[in-house]
Amino acid sequence: MKSLGKNIIWVVLSLTVTAMLFATLLSFDTKAPMVLSLDQVANKIISGEVKDMTVNGNDISLTLKTSEKAISHKENELGISETLKNYGVTPDELQKIDFKVEEDSGSKYWMGILLPVLLPALLMLVLFWWIFRQAKSGAGQAFSFGKVNARLFSPSKDKVSFKDVAGLKEAKEELLEIVEFLKNSKKFTAIGAKIPRGVLLMGSPGTGKTMLARAVAGEAGVPFFHISASEFVEMFVGVGASRVRDLFEIAKKMAPAIIFIDEIDAVGRERGTGMGGGHDEREQTLNQILVEMDGFERDTSVIVIAATNRPDVLDQALLRPGRFDRRVVLDMPDLKDREEILKIHSRGKPLDEKVDMRVVATRTPGFAGADLSNLVNEAAILAASNNRKTILQEDFLNSIEKVLLGPARRSRVITAKEKEITAYHEAGHALVAAALKDADPVHKVSIVSRGMAGGYTLKLPLEESHLHTKAQFIADMAVSFGGFAAEQTVFKDVTTGSSSDIQNATDVAERLVTQYGMSEKLGPRAFGKTGGTFLGHDIATDKDYSESIGTVIDDEINGYIQRAHATAKTIVTKNRKALDAIAAALVEKETLEQEEFYSLIKKFGFKIATLEG
Ligand code: ADP
Ligand code: MG
Ligand code: ZN
């Protein structure tokens, strides 16, 4: 591809040069001729100084008896004899000189024919060349088989530093060591310390793995090669491995350097699970990465950083000493981190002075860094589309759901009846949540339909915890049935709107019994082994228990579900007046914030158990 581009440039260049030479040779002699007026020409003819004269269109060229050349120019309308006659040259005098009329001949003639042909051809060549160049920089990767397809970020350009990465304190501390290695590799090799070869960044999507890897390069000031593992395998067999080879080759020449392999699970998935057939290409690529890493000399200061959000499926071979033996976990941001990330991303944006990022952060648990940066952007868009110069707090709050569930679909036509049912459904969830001590508090109740969800109750845990208690699970299940119970109680009928609630509750009950050992009857034992993964999903659960135990498991799950349903039903029936009031408020306002919701139900003597917790 590159050579084709070059060839075209050469063709264009040589054509241009030829054309210019051609034109020069034909139109001029070596010595510049003198320029005469017609008057002077006439005088020279009369005085017999002219040897010959050639007329080509309106151009007159003369050779004098002294062998000097001269040129002149006549008016358009008249012929040459006519013109000269006006200057007093008689036909006789004209006869004496060697006089030729060349109609449209010589260089002019040829250029006249060639130019209309050459010019479009030239233009087309230039156009083709340009198109190929575009294609090459875009999707034309297919033309560079076997060549490295890594993007190289030089340390000075697009610099990302640890300052730009919020939170992730432990991860940054561990990577600081890597930065040291890259900066002063001599210091470490001098005392015989081995430079680490591979660092594996593990974390959920959007937690900043890619960003952190670039920050390491930025801090250390070394070249950073970025390649996504899926790019290794996207093409044809054998190419992945050769790309790896090329990549390491180049990086070693530029050492110290960082090779960043993003989404390494695309090639580093555990081999031999038999699912989806043996993927030769993937294995070859993976093997090549391992070979290259093993082949590093002791003082090669090329560090491979890889990122994955599926460390569980990675091939053990990758994790062996001397390979990706350093592992850095990137946690989801907690409240403080989220506030910090929001602040980082709204730097330089005009914020209203009332904007409180703490509140926004409180409303966004479970948001990864990428979601938060998206949130800030959505808020800015919202402000701009309302022709405001500053971003308000409500822009941020209104963008949360958009990021969470896709763009709001306020315009979706729903009937009054549907709206009422949804209002009761959501009111049911919220009411049950408020009534149970172990449920998460309700922050907001809304019936605005967004994305897939018809309406929802946003409840957020008071503190983010990694451990869940049995009591919390039981409360969660009851809250799930809040919507279903409310529909039953009010309309004596149920809708399809509860299907995902039911699914949720069932999943919780199942895990509670079969995985967490929370069933009193069955005791602390796990039931069922999951066998194998396919595309990151568990497939096939092996039944490792008897039929009779299976029946007990079913009974236990059913028991949990029925009790949860009963709890929900009792709460909504007992507090029917509060339920009606919330539903009515929702129909009217569509959204209730936490304070509105709590003060509304308090009016009915409702005791908010969650807050007492
Ligand atoms: P990953 O590679 O883990 O999926 P990225 O590094 O691509 O995530 O993160 C996506 C974007 O999210 C980043 O470009 C950055 O804008 C933002 N982001 C993620 N984590 C953080 C963080 N801790 N601090 C600041 N911004 C972050
Ligand atoms: Mg990434
Ligand atoms: Zn529901």
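Just so you know, ligand 1 is whichever comes first in the structure, and atom 1 is the first atom listed for that ligand.
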Which protein residues have a heavy atom under 4.0 Å from ligand 1?
Asp164, Val165, Ala166, Leu168, Ser204, Pro205, Gly206, Thr207, Gly208, Lys209, Thr210, Met211, Ile341, His345, Gly369, Ala370, Ser373
Does the separation of the ring centres of Tyr560 and Phe473 fall below 6.0 angstrom?
no
Nearest N/O/S atom of His425 with respect to the Zn ion (ligand 3), by atom name, please.
NE2
Is the number of heavy atoms from other residues, nucleotides or ligands within 6.0 Å of NZ (Lys470) greater than 12?
yes
Kindly check if the number of other-residue, nucleotide or ligand heavy atoms within 6.0 Å of NZ (Lys349) is above 12?
yes
Keeping to distances under 2.8 Å, can you name the protein N/O/S atoms close to the Mg ion (ligand 2)?
Thr210 OG1
Closer than 4.0 angstrom, basic N to acidic O: yes or no for [X] and [Y]?
X	Y	value
Asp580	Arg576	yes
Asp262	Arg214	no
Arg388	Asp395	yes

Tell me, please, if Asp501 has any N/O/S atom, main chain or side chain, under 2.8 Å from the Zn ion (ligand 3)?
yes
For His345, ring-ring contact (aromatic ring centres under 6.0 Å, His included) partners two or more places apart:
none
Test item: side-chain donor near acceptor, Gln503 and Asp507, under 3.5 Å
yes
With sequence neighbours excluded, residues passing side-chain hydrogen bond (donor to acceptor under 3.5 Å, both in side chains) with Thr573
none
Quick one: does any side-chain atom of Glu219 pair with a main-chain N or O of Phe162 as donor and acceptor, under 3.5 Å?
yes
